Every structure is written in structure tokens, then in C-alpha cells.
Q: 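First, the structure itself, so that you have it in front of you.
Residue numbers begin at 1 in each chain, while the letters A, B, ... track the order of the sequences. What you see is a predicted model; the values in this text were computed from it and never measured.
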Amino acid sequence: MAAAMPLALLVLLLLGPRGWCLAEPPRDSLREELVVTPLPSGDVAATFQFRTRWDSELQRKGVSHYRLFPKALGQLISKYSLRELHLSFTQGFWRTRYWGPPFLQAPSGAELWVWFQDTVTDVDKSWKELSNVLSGIFCASLNFIDSTNTVTPTASFKPLGLANDTDHYFLRYAVLPREVVCTENLTPWKKLLPCSSKAGLSVLLKADRLFHTSYHSQAVHIRPVCRNARCTSISWELRQTLSVVFDAFITGQGKKDWSLFRMFSRTLTEPCPLASESRVYVDITSYNQDNETLEVNPPPTTTYQDIILGTRKTYAIYDLLDTAMINNSRNLNIQLKWKRPPENGYIHYQPAQDRLQPHLLEMLIQLPANSVTKVSIQFERALLKWTEYTPDPNHGFYVSPSVLSALVPSVVAAKPVDWEESPLFNSLFPVSDGSNYFVRLYTEPLLVNLPTPDFSMPYNVICLTCTVVAVCYGSFYNLLTRTFHIEEPRTGGLAKRLANLIRRARGVPPL
Amino acid sequence: WDYRRALPYLAFFCLFFFKMEFRSCCPGWSACCLPFSSCYFLTLPDKMKIKCRFQKAYRRALDHEEEALSSGSVQEAEAMLDEPQEQAEGSLTVYMISEHSSLLPQDMMSYIGPKRTAVVRGIMHREAFNIIGRRIVQVAQAMSLTEDVLAAALADHLPEDKWSAEKRRPLKSSLGYEITFSLLNPDPKSHDVHWDIEGAVRRYVQPFLNALSAAGNFSVDSQILYYAMLGVNPRFDSASSSYYLDMHNLPHVINPVESRLGSSAASLYPVLNFLLYVPELAHSPLYIQDKDGAPVATNAFHSPRWGGIMVYNVDSKTYNASVLPVRVEVDMVRVMEVFLAQLRLLFGIAQPQVPPKCLLSGPKSEGLMTWELDRLLWARSVENLATATTTLTSLAQLLGKISNIVIKDDVASEVYRAVAAVQKSAGELASGHLASAFVASQEAVTSSERAFFDPSLLHLLYFPDDQKFAIYIPLFLPMAVPILLSLVKIFLETHKSWKKPEKTD
């Protein structure tokens with residue numbers, strides 16, 4: 001099938017100057033960064049961004065040469081005359097109340113919105129072809145995007161890059177909420193990176209840890225940007241972003257210290273040789289005031305302060321291109337540790353295992369005075385195996401009552417009592433000092449109505465089958481084995497027939 | 001909805017036409033006397049015969065031609081003989097020179113030029129006519145269609161046997177091709193590789209593709225891939241202190257790389273990949289060994305219908321005093337020589353069988369001789385006609401077997417168009433108009449495929465008659481049984497009651 005090729009027979013006359021002239025300097029650059037943000041609830045958010053900037057005009061037809069910018073996306077831009085493309089795959093929901101505002105949020109499922117150039121004549125046809133081609137590149141079911149789930153927003157989704165005029169006729173937007181993100185979508189996304197998960201920050205992108213999170217969002221953004229401050233020429237910018245939120249309980253087993261190894265099961269070994277900038281930023285804002293609460297290891301050499309999303313934040317910078325930080329012998333494993341547990345108290349949660357152990361949730365909380373504290377838990381209902389149902393399944397299933405144990409401060413200080421001397425109702429609980437007393441309260445049990453199957457279906461099936469079989473077989477048997485005998489026509493009233501019946505029962509010949 | 005347009009059945013046999021014109025500058029020669037038949041048969045393995053016909057035209061050489069033919073060397077003569085208008089595809093001009101002319105070297109009897117011209121030396125001999133006739137036939141066959149070219153073109157349609165399996169299969173005929181040059185750098189920490197691919201494409205590849213433009217649309221791309229490894233670990237040869245890849249390992253090299261190459265998302269044409277691999281520092285230098293164990297001269301190999309791979313070793317002198325990464329400038333001349341040769345092989349532009357004592361001229365600056373393009377167009381036309389005919393015949397057979405398929409009007413019009421194009425193409429081939437025959441054959445393939453793969457053919461396919469029975473029988477049969485039995489009983493009773501009066505009578 002494959003063969004080596006002897007060239008001796010063929011002599012090519014290659015005219016023209018010798019091909020030894022120097023190649024042009026590279027016209028694209030790569031920057032990568034990772035932002036690690038500890039969240040107020042004890043979780044950790046990590047946001048990767050890989051930005052490739054390509055100084056070229058993609059509009060002309062002809063030969064195109066790609067270096068860092070991936071060829072698959074470059075061909076898309078030139079073939080479908082795109083101005084901007086934004087595609088994201090997300091699993092989970094960013095809880096702004098607990099986690100704070102996000103850098104870039106994306107809807108759950110798959111979202112695609114595209115601005116076409118003004119030269120496109122049939123936008124809908126290009127949109128259909130583009131979504132089909134993208135579904136092939138990213139191994140996702142984007143081919144389900146058609147006119148039933150595409151809209152043309154008239155006011156929002158203005159172009160994020162350079163734009164001369166915005167005629168919303170060239171904008172298309174579609175969301176597929178049912179789309180599930182999995183490793184199949186991550187792998188082609190990683191293949192578009194120049195260093196391709198072998199060096200630099202992309203080493204940390206391992207699928208088994210990235211999908212073990214409460215929120216996972218990966219996106220591709222292509223837009224034209226200014227090449228310099230005066231904006232004399234245009235470059236194409238490709239940003240690949242990936243945001244994940246690691247849950248303290250699922251990933252961290254409840255402990256509040258994080259490290260890169262704990263999160264990604266990898267450490268940073270070497271920088272990507274193709275990147276002009278490769279940095280890790282760690283958010284040390286709220287813990288900068290009292291330095292004892294959060295400890296970051298290795299200690300940062302430089303910090304960066306700016307107003308991000310409306311608030312002033314401080315970031316510690318780790319530069320991978322700095323050989324003092326990382327070289328062949330040292331890996332970079334950034335560790336965050338909470339020295340003092342945060343004010344929220346202690347929470348211990350043990351998830352359930354099916355048919356082995358139940359959920360256990362223990363919380364140590366301080367209730368503020370004159371207030372109401374609500375604790376809420378989300379749960380999903382599941383179906384059991386059909387033999388595990390009780391005989392009265394429609395009654396519901398019980399959830400055991402909750403327990404509240406509290407040390408209530410006493411209005412009047414009590415004296416410590418001698419165990420044997422005091423009456424029995426006073427010596428139920430041991431008391432350490434007289435200023436508070438111990439009390440344990442219970443709530444009512446919870447009766448939950450779970451989905452029950454229709455238990456009458458087996459009976460229905462058996463009845464129907466037996467009826468059909470009986471009718472068919474019975475008729476056949478009847479027809480095959482019926483014998484005929486002659487019978488006298490009856491002449492007589494009802495009384496005579498009854499008398500004959502009685503006579504036959506007695507054994508006497510009938511009338 | 002259930003009607004089908006009647007489809008024509010066609011029989012197809014092929015006839016080739018080849019025009020030769022003789023210009024003689026020897027006195028006393030007349031080509032009419034040359035005794036070679038103007039019609040011969042090419043036999044293909046499936047006992048298929050293809051008829052080829054020559055048309056001869058003869059005239060004496062004009063003055064300027066005589067002057068050109070008496071110049072010193074063949075190349076000068078070629079330059080002076082440049083026709084004001086291009087000769088038509090599929091034709092050949094043969095010049096006869098005298099026995100003692102010094103145009104050709106003394107021992108060479110004939111010469112094949114790059115632009116559909118040939119020069120044959122005449123001799124004075126008793127058997128002159130026969131010998132010259134044989135030489136002319138050999139030259140003509142070298143420059144036109146031969147059996148192996150046809151067999152390679154029809155390799156997909158002929159039955160598999162030992163004879164066809166040895167032929168290297170050229171690319172399937174298609175409306176266009178996309179050529180991608182990729183530079184693989186698995187070790188960017190050690191090698192900082194630069195290649196002037198834009199200039200090389202402009203200088204070397206684009207002229208070749210322009211010469212081939214009659215055969216299809218071509219587009220060229222290039223990319224650089226980092227951290228792309230070959231899937232095979234090369235072995236170390238201590239004798240030459242270099243690494244080598246065995247010939248048996250070569251088929252396993254392509255698959256792991258192909259996932260990074262990025263299949264073309266934006267076009268429907270087949271992709272030809274040409275990879276230039278700069279081996280990593282730990283495995284330098286890397287050579288490819290052929291089956292005898294000797295390193296291949298060009299350090300490259302190609303895979304039919306896919307593309308080619310060349311290994312470019314960095315000169316060890318560049319490592320001496322420099323710190324990593326080392327800057328490497330790729331010598332594009334060497335690389336493009338190999339890639340263009342591989343491109344020719346992939347297209348099936350093989351070396352012609354040069355007759356003995358014949359001088360073959362060097363190629364033109366584009367790397368392609370005009371009559372090689374003619375051979376390619378002939379082969380492609382035959383392949384297209386065979387594909388179109390096979391597709392239409394399969395469609396007809398399918399319709400014969402499954403009567404449930406609906407043929408709509410547009411599918412029927414595509415079939416008619418395909419049949420008309422096939423007939424036109426065969427007719428043009430028979431009359432020698434190669435370019436229009438090729439265009440018609442491409443149209444035939446497109447129309448036939450569009451008709452065969454139309455999605456409306458499957459619309460009502462999965463409702464065959466036996467399924468209709470399977471739905472209704474379980475319902476009606478049990479109900480029908482007692483009814484039938486009672487009908488039988490009634491019939492028997494009436495029959496008995498008819499018989500009874502007869503009996504009593």
C-alpha cells in the first residue's frame with residue numbers, strides 16, 4: 001500500500017530562484033491564562049482562556065496558510081464569510097447568588113450565534129450549512145439547529161468585535177438546551193489548541209476531572225479586533241474559554257484546601273513554547289485584608305489590581321515563562337489553604353449510595369438573633385425496582401425527621417447540680433456550665449409522594465392474552481370435537497320442562 | 001404518487017479516436033504507403049475490448065519547418081516549431097527527418113517531445129516501410145492510451161484478480177481536489193522550523209496545477225502542526241547511529257497523524273495530504289528503509305489515494321554552538337521536488353513505456369507534458385463513463401427487484417440527462433474531441449450520482465407488502481375462521497339438500 005519512491009527516473013526542471021529565501025516572520029500569536037477564584041461558599045472556580053490572534057485578511061479567496069490558527073476554523077471563516085462566531089457548550093448553572101458574578105456565562109446546553117458579512121446573499125442557507133459543519137467539527141448534535149429554533153434578535157447580541165454597521169439581518173442565534181456536554185466535545189476542542197494538551201496550561205485539561213464539577217462550560221469565540229491602538233488594520237482573534245467550578249463536597253471531600261493537583265490531578269510542567277504569554281492568576285482579594293485567612297503557596301512575586309466587574313480585585317500572578325517559577329526540575333502546583341474556617345460554620349455531608357447508605361447532612365450554624373434561617377435541600381425523585389415497592393406504594397415514602405441540637409443560653413445562670421441529688425427530670429442531659437442548657441428538637445417526618453408505576457399492567461396483559469388464547473383455542477377445539485345428536489323438538493311449557501328436569505335428576509323417564 | 005417514469009436501458013461500448021499528422025521533410029516519403037493499420041484493439045482483463053482508431057493525415061513540411069528541423073539540436077527545433085495555435089487534445093504530429101540528419105544523436109531513432117510532437121528518423125532499407133511503421137506505432141502508443149493506463153483507471157470496476165491488485169491505484173476521478181501541505185513539528189522546544197510555503201506553492205505547485213486545470217478544480221492549503229507525533233517508534237541502528245523506520249511500519253504511521261490533520265470541513269472534494277515531518281531531537285536523524293534495508297534516497301513515501309509523507313532531517317551542524325530551540329529553514333526546492341513527483345504518481349501520470357532507441361525529452365517547466373495530460377483525460381473519461389454506467393445499471397437493477405420505490409420527475413430527468421451525457425461523451429471520444437468528451441463524462445457522473453443517491457427514493461421503501469400482511473392477519477384470521485367454517489357447513493348442507501331430492505327422485 002505504501003511504497004518508497006525512487007526519483008531517479010524523473011528529472012524536474014524547477015525554474016525560478018532558489019527556494020532558500022527566508023520565510024516571513026510569523027503573523028500570529030498565542031496567549032494563555034488561567035484564573036483561579038476561590039468562591040465564598042468554599043468552592044473553587046477555574047477559568048482557562050487561550051487566545052490566538054492572527055494578523056491576516058481572511059476574506060480573499062486563494063491559498064491560505066495556517067500556523068497557530070486552526071485550519072478547520074479558518075476555512076469556515078473564509079467559506080461562509082463569517083464576521084463573528086460564538087459557540088458554547090455548558091453543563092450546569094452558574095449560581096450567581098452563591099458564587100458571585102461570572103466572567104462569561106453561557107446557557108445550559110449548546111448556544112451558537114453568528115454574525116455574517118454583508119456580502120452573504122442567502123443567510124439562512126449559510127446558517128444551515130455552517131451549523132452542520134460545526135456539528136461535525138465538535139462532535140455535537142448542532143445539526144438539529146433549523147428554522148424552528150433559530151431567531152434573529154433585533155436589539156441584543158450586538159457584535160463583540162469590530163463592526164462598521166450592524167444590520168441585524170445578518171445575525172442568527174440558536175440554543176439547544178438538550179445538548180449534553182461530554183468528553184466527545186472536549187477532545188475536538190482541545191485539538192484546536194496549538195500546543196494540544198502536551199505543554200503549557202492545556203496539560204491540566206483532563207476530562208475525568210473537568211466533568212466531575214458542578215459547572216462546566218467550554219466555548220469558542222471568533223471575532224475581528226484592531227491590530228493596534230490606532231486601529232489601522234484588522235486581525236482575527238480566536239478565544240477558547242473553559243470555565244469549571246469544583247464543588248467542595250464532591251471533589252474536595254469537604255476540606256477547604258485546594259491545589260492544582262487536587263483539582264486537575266496534574267501539575268504544570270513546562271510552558272508552551274509557542275505562547276508569547278502564559279500566566280496563572282489567583283484571586284486573593286477578600287483575603288488580602290487579613291492575611292491570615294487564605295494562604296497561597298508558592299508565595300506570589302507580583303500582584304495585579306484592577307476593577308473587575310465593578311469591584312476592586314487583587315490577583316496574584318504566576319508567570320510560566322519565567323524560568324525561576326518553573327523549569328525542568330520543578331513543577332508548579334499552586335496551593336490555596338484556608339487557615340481559619342470561614343464564618344459559615346461546619347458542614348458535613350455524606351452523599352447516599354443506592355441501597356447501601358442514606359444521605360447524611362450535619363451543619364453547625366450560628367443563628368443570628370431575631371431572624372429566620374431557612375435550610376433547603378434539592379432532591380430528585382427516582383423509580384425503584386418493582387419488587388422494592390411496599391404493598392401500599394401510593395401512600396408515599398417517609399423521610400426521617402430532622403434533628404436540631406442546640407445549646408440555648410440561659411436567662412438565669414443555673415448552678416451545677418449533683419447527679420444523684422437532683423430530681424430525675426433535671427438530670428437528663430449533662431450540663432457543663434450553668435449559662436446554657438442543652439436541648440434537642442425534632443421535626444415532623446416528611447411524607448414524599450414518589451412516582452409509582454401502574455401495578456395493574458401485568459394483570460391486564462395476562463387477562464388479555466388469556467382471553468385471546470382461550471377464544472381462539474376454544475373455538476377451534478369446539479369446532480373440531482363437536483358431535484351432533486338428534487334431539488326431539490320440545491313441545492311443552494315451562495312447567496313441563498322443569499318437571500322433566502326433576503324427573504331426570506331422579507332417574508325416572510321424562511314425560 | 002405511485003408511478004415511475006420509464007428509464008432507458010443503455011448499452012455502451014467505447015471507441016477511441018486518435019489523430020496523427022505526418023509532416024515529412026524527406027523527399028520521396030509518402031505516409032499513405034506506411035503499412036500500419038489504422039485500427040487496433042486494447043484488451044482489458046474482463047475480456048472487454050476497446051477499439052482505437054487512427055486517422056492519418058500527411059503533408060510535406062513547410063519551409064519554416066524544414067529550417068527548424070535542420071537546426072543543431074532538438075530543443076532548438078522545438079522552440080522554432082512552436083505552432084501559432086495549440087494542437088487539439090488527442091492529436092499528435094510526427095516529423096520525419098532524413099537518415100543522416102544531425103538533429104537527433106546518431107544512435108537515436110526517434111524522439112518524443114513535450115508538446116504532442118515526435119520526430120522519427122527515416123531510413124533507406126529494403127524493409128524500410130515496415131521498420132518505420134513499427135517505430136511510429138511504438139511512439140504513438142507511448143504517447144497515447146495504453147492498456148495499463150486504462151486498466152489502472154478502471155481498477156475499481158474490474159474484478160479483483162492478481163493482475164489488477166499489483167497496479168497502484170490512482171486517485172478516483174472527481175470534480176476537484178484539495179491539496180494540503182502540513183509541516184509536523186513534534187518537538188518545538190528543540191526545533192523552531194520555518195518554511196516558505198507560500199512562495200514554494202506559488203513557484204512550483206501552482207504552475208503544475210494550472211497545467212492540470214483541465215482535469216478539475218484544485219485548491220491548496222497549508223498548516224503547521226505542533227506536537228504531532230508519528231504513531232510508530234523508530235528503531236536505532238548503531239551502525240550508522242541513526243534511527244530508521246522499517247517498510248513494514250510505514251502503514252501504521254498515517255493513522256495517528258490523520259486525526260490531527262483536520263479533515264476539510266468546508267469542501268466536498270477529496271483531500272490530498274502532503275506531510276513534512278521534522279523528527280524530534282531524540283530521534284534524529286531518521287531514515288526510511290526500503291525492503292532491502294537501504295535508506296531511501298528521498299526519505300519519503302506515499303500512500304495511493306491519500307498523499308505523501310517526507311522526513312526532513314535537520315543538519316547536525318546546526319546543533320553545534322546554539323542553544324535550543326534551533327532555527328531550521330526548510331529547503332523548499334528539495335521538498336517540492338519530492339512532493340510534485342508524488343503528486344504525479346498519485347494522479348497516475350506514470351512513466352510511459354519508451355520504445356527502444358527513443359529519446360524522451362525533459363518535461364516542461366511546469367512538470368507536465370501536454371500529452372501526459374491527454375492520457376490523464378482519456379483515462380478519466382473512461383473511468384467516468386464506467387462509473388456512470390455502473391450507477392445507472394445498479395439503479396435499474398434495484399428498481400427491478402424492489403417494486404416499491406417511487407421515481408419522481410426530477411430523478412427521472414437526472415437519469416435522462418446522465419444517459420444523454422454518456423452518449424455524448426462516447427460520441428465525442430469516437431470523433432476525437434477529448435476536452436468536450438471529458439466535460440460530458442463529468443456531467444454524466446454527477447447526474448447519475450444525483451439520481452441514485454436522491455433521498456426521495458427511500459420514502460416509501462419500508463412498507464413492503466409482506467408487512468401489510470403481517471399487520472392485518474392477526475386481526476382478521478381468528479375472526480375469519482369461524483365464519484369460514486360456518487360457510488363450509490352451509491355449503492355442505494345445501495349440497496346435501498340438493499342431492500336428497502335427486503336421490504329420492
Q: For chain B, which of A:Val133, A:Leu130, A:Val471, A:Ile137 has the most heavy-atom pairs under 4.5 Å?
A: A:Val133

Q: Any heavy-atom pair between the side chains of B:Glu178 and A:Gln75 that's under 4.5 Å?
A: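 A:Gln75 vs B:Glu178: side chains touch.
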
Q: Could you look at B:Leu485 and say if it's the side chain, the backbone, both or neither that has a heavy atom under 4.5 Å from chain A?
A: side chain

Q: Quick check on A:Leu274 against chain B: is it the side chain, the backbone, both or neither that has a heavy atom closer than 4.5 Å?
A: side chain

Q: Going from NZ on A:Lys71 to OG on B:Ser222, what distance comes out if it is rounded to the nearest 0.5 angstrom?
A: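 The distance works out to 9.0 Å.
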
Q: So, taking the atom named OG in A:Ser64 and the one named CD in B:Glu198, what distance separates them when rounded to the nearest 0.5 Å?
A: 9.0 Å

Q: Let me confirm one number: the CG-SG distance from B:Leu477 to A:Cys472, rounded to the nearest 0.5 Å.
A: 8.0 Å

Q: Surrounding CG of B:Leu268 (heavy atoms of other residues, nucleotides or ligands, distance under 6.0 Å), is the total greater than 12?
A: no

Q: Can you name the residues of residues 193-205 of chain A that have some heavy atom under 4.5 Å away from a heavy atom in chain B?
A: A:Pro194, A:Cys195, A:Ser196, A:Lys198, A:Ala199

Q: For B:Tyr244, look at atom OH and say whether over 12 heavy atoms of other residues, nucleotides or ligands are found less than 6.0 Å away.
A: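 Buried by this count: over 12 neighbours within 6.0 Å.
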
Q: Side chain, backbone, both or neither: which part of A:Leu68 has a non-hydrogen atom closer than 4.5 Å to chain B?
A: side chain

Q: Do other residues, nucleotides or ligands put more than 12 heavy atoms under 6.0 Å from A:Glu277 CD?
A: yes

Q: Measure distances from B:Ser259 to the heavy atoms of chain A and classify the residue's part below 4.5 Å as side chain, backbone, both or neither.
A: both

Q: Can you list the residues that meet the side-chain contact (heavy atoms from CB on, under 4.5 Å) rule with A:Tyr473, with sequence neighbours excluded?
A: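 In terms of side-chain contact (heavy atoms from CB on, under 4.5 Å), with neighbours along the sequence ignored, A:Tyr473 is linked to A:Tyr477.
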
Q: To the nearest 0.5 angstrom, please state how far the CZ atom of A:Arg67 sits from the CD1 atom of B:Ile197.
A: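 One gets 14.5 Å once the value is rounded to the nearest 0.5 Å.
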
Q: In terms of heavy-atom pairs under 4.5 Å, which option from A:Leu134, A:Asn478, A:Leu479, A:Leu192 contacts chain B the most?
A: A:Leu479

Q: Checking B:Asn210 now: which residues fulfil side chain to side chain donor-acceptor pair (under 3.5 Å) with it, not counting sequence neighbours?
A: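 Scan of B:Asn210 (side chain to side chain donor-acceptor pair (under 3.5 Å), adjacent residues dropped) gives none.
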
Q: Please list, chain by chain and in numerical order, all residues satisfying salt bridge (charged side-chain N to carboxylate O under 4.0 Å, His left out) with A:Glu129, sequence neighbours excluded.
A: A:Lys125

Q: If I measure from the heavy atoms of chain A, does B:Leu225 come under 4.5 Å with its side chain, its backbone, both, or neither?
A: neither

Q: Given side chains that start at C-beta, do those of A:His65 and B:Ile224 come closer than 4.5 Å, heavy atoms only?
A: no

